[in-house]
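Read through the structure below, which is laid out as structure tokens, and then see the notes.
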Protein chains: 2
Amino acid sequence: MQNSLKTLFPNFSGELINTIEENGSPQDFKTGTVLMRTGQYIKNTILIIEGKIKIFREDEDGGEFLLYYLHPGQACAISMICTAKSEKSQIMAKVVEDVSVMMIPLQLMDKWMMEHRTWYEFVIETYRSRFEEVLEVVDNIAFRSMDERLEFYLKRHSDSCGCNEIKLSHQEIANELNTSREVVSRLLKKMEQRGLVKLNRNQIELLKKN
Amino acid sequence: MQNSLKTLFPNFSGELINTIEENGSPQDFKTGTVLMRTGQYIKNTILIIEGKIKIFREDEDGGEFLLYYLHPGQACAISMICTAKSEKSQIMAKVVEDVSVMMIPLQLMDKWMMEHRTWYEFVIETYRSRFEEVLEVVDNIAFRSMDERLEFYLKRHSDSCGCNEIKLSHQEIANELNTSREVVSRLLKKMEQRGLVKLNRNQIELLKKN
DNA sequence: AACCCACAGTAACATTTATCACAGATGGAA
DNA sequence: TTCCATCTGTGATAAATGTTACTGTGGGTT
């Protein structure tokens, strides 16, 4: 574990790593677990060691909208800022690939910010990059139509897993883009005709165009 | 000026106020000035003393999309986080009501974060609340249709100015919601029929329902 | 007054997206 | 194999939004 932290968070000082070891509690969660729910109070922040977590918004009718994924070596930005006042969560966090995480009590956040330069930098950078990512999401829904958003979504997925096969059903994709399955099926079919993808059951293969 | 800072940022310690006085440079900008442009490097952060600044995204074709407004007593969250590396701006900032601001060189940010507890808390809180605001924006475009978004937009405006008369042309509103004037006109007309607003030239009066 | 111009209303039409309805395909379980 | 559940494809239609085109209106200018 010590090893994992060191390699996953290479910028952390040795001292900080030790502090994390002492104060954090390692935990595992199965795919499907909801780690955080809108309106719920946040008591911990999370460092991801392994697996994948989906961060999304949910509306009253249960509609979803994907914001971003958290991967190993990353942390939940939102929880890191809800600091002192242990604010309510404005997002949902759901495990999409079995995770192993390090839970860190929120009350340590402020302390560490002052004591550990590398922690401070990590928090700021995490927050900055998440904000940026959300702004990109805003761009997509504000300026682009469904077909472009779908392409962007697929590309992001393949970037994130480093492979060209995306193992998701049309329904799942539709959920994350907050549209309907039929729309996704149709648009994917068009993409296939344009030679951008190859469609199989439960799997979409991205064909590099270049 | 000293007085303004004290009243506008009541949580700042006296010491911090002095430091700001010494290092910041007060500046005024006229309505219409673009303070920050997408892709531009950020060298300063800004405390708003007076006036109003609009923060929005812009696409390749010049389409706009409103994120939020900055009022007196607030600061530009984005610039505060682009800290050390003086990152590029991902947003546009435009003066919509003559402003008087305090410019603070970015290289002081990290230093102050460590030295001034009240500055640290202000930055964190600013960032948290802006993130939250942007998430609300995401909700609106992801889950709501144009008529609901328009109502929300009008309400936000009247809240922000504390009055019920919104002095904007349909065109301006359409720009900020990234739609067309015709659509805004249509929807406003429907709202008038439902008794929610009263329409005048260059002015929309919100009628309290209840 | 005569004119101009930004603003507002509205009809007609195009396009995009959502919804409904159903059929076929695939793979695993019995 | 047979059966069933899930996934996928597709047409028909509805609803929302965007686009084009034109009219009217009010205020300010000359």
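As the structure is a computational prediction, the values presented were derived from the model and not from experiment. Naming: A, B, ... by sequence-line order, numbering from 1 per chain. As a basis for the values below, the full set of heavy atoms in this structure was taken, side chains included, without hydrogen atoms, waters or symmetry mates.
- Under the 30°/60° scheme for interplanar angles, the aromatic rings of Phe131(A) and Tyr127(B) are found to be tilted.
- With salt bridges taken as basic N to acidic carboxylate O contacts below 4.0 Å, one links Glu132(A) and Arg128(A).
- Salt bridge present: Glu60(B) and Arg144(A) bring a charged side-chain N and a carboxylate O closer than 4.0 Å.
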Side chain to side chain donor-acceptor pair (under 3.5 Å) evaluation trace for Thr31(A) with Asp98(A): CA-CA 5 Å; Thr31(A) 299; Asp98(A) 293 6; 2.6 Å; yes

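- Regarding Leu188(B), its CG atom lies at a distance of 15 Å from the P atom of dC7(C), rounded to whole Å.
- Taking 4.0 Å as the cut-off between side-chain N and carboxylate O, Lys167(A) and Glu97(A) do not count as a salt-bridged pair.
- Between the NZ atom of Lys167(A) and the P atom of dT8(D) there is a distance of 13 Å, rounded to whole Å.
- Rounded to an integer number of Å, the gap from CG of Leu199(B) to P of dT25(D) is 16 Å.
- By the 30° and 60° cut-offs, the orientation of the rings of His157(B) relative to Tyr153(B) is tilted.
- In this structure, Asn175(B) atom CG and dA8(C) atom P are separated by 12 Å, rounded to whole Å.
- Across all strands, Ser180(A) comes closer than 4.0 Å to base atoms (heavy-atom distances).
- With rounding to whole Å, Ile173(A) atom CD1 is found 11 Å from dG9(D) atom P.
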Atom pairs under 3.5 Å, N or O on each side, protein against nucleotides 15-17 of chain D: can you list them with distances?
from: dT17(D); atom 1: OP1; to: Met146(B); atom 2: N; distance (Å): 2.7

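- Using the six-membered ring where Trp is involved, His71(B) and Tyr69(B) have ring planes that are tilted, between 30° and 60° apart.
- Note that CG of Leu106(B) and NZ of Lys43(B) are 8.5 Å apart. Values are rounded to the nearest 0.5 Å.
- Contact between the side-chain N/O atoms of His170(B) and the OP1/OP2 oxygens of dA6(C) is not found at any separation under 4.0 Å.
- Between the P atom of dA6(C) and the CG atom of Leu168(B) lies a distance of 18 Å, rounded to the nearest Å.
- Rounding to whole angstrom units, CG of residue Asn178(B) and P of dT19(D) are separated by 10 Å.
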Reading 5' to 3' through nucleotides 21-30 of chain C, protein heavy-atom contacts under 4.0 Å coded B for base, S for sugar-phosphate only, - for none: B----BS---

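- Rounded to whole Å, the distance from NZ on Lys190(A) to P on dG11(D) is 12 Å.
- We find that Glu182(A) and Arg186(A) are not joined by a salt bridge, their nearest charged nitrogen and carboxylate oxygen being 4.0 Å or further apart.
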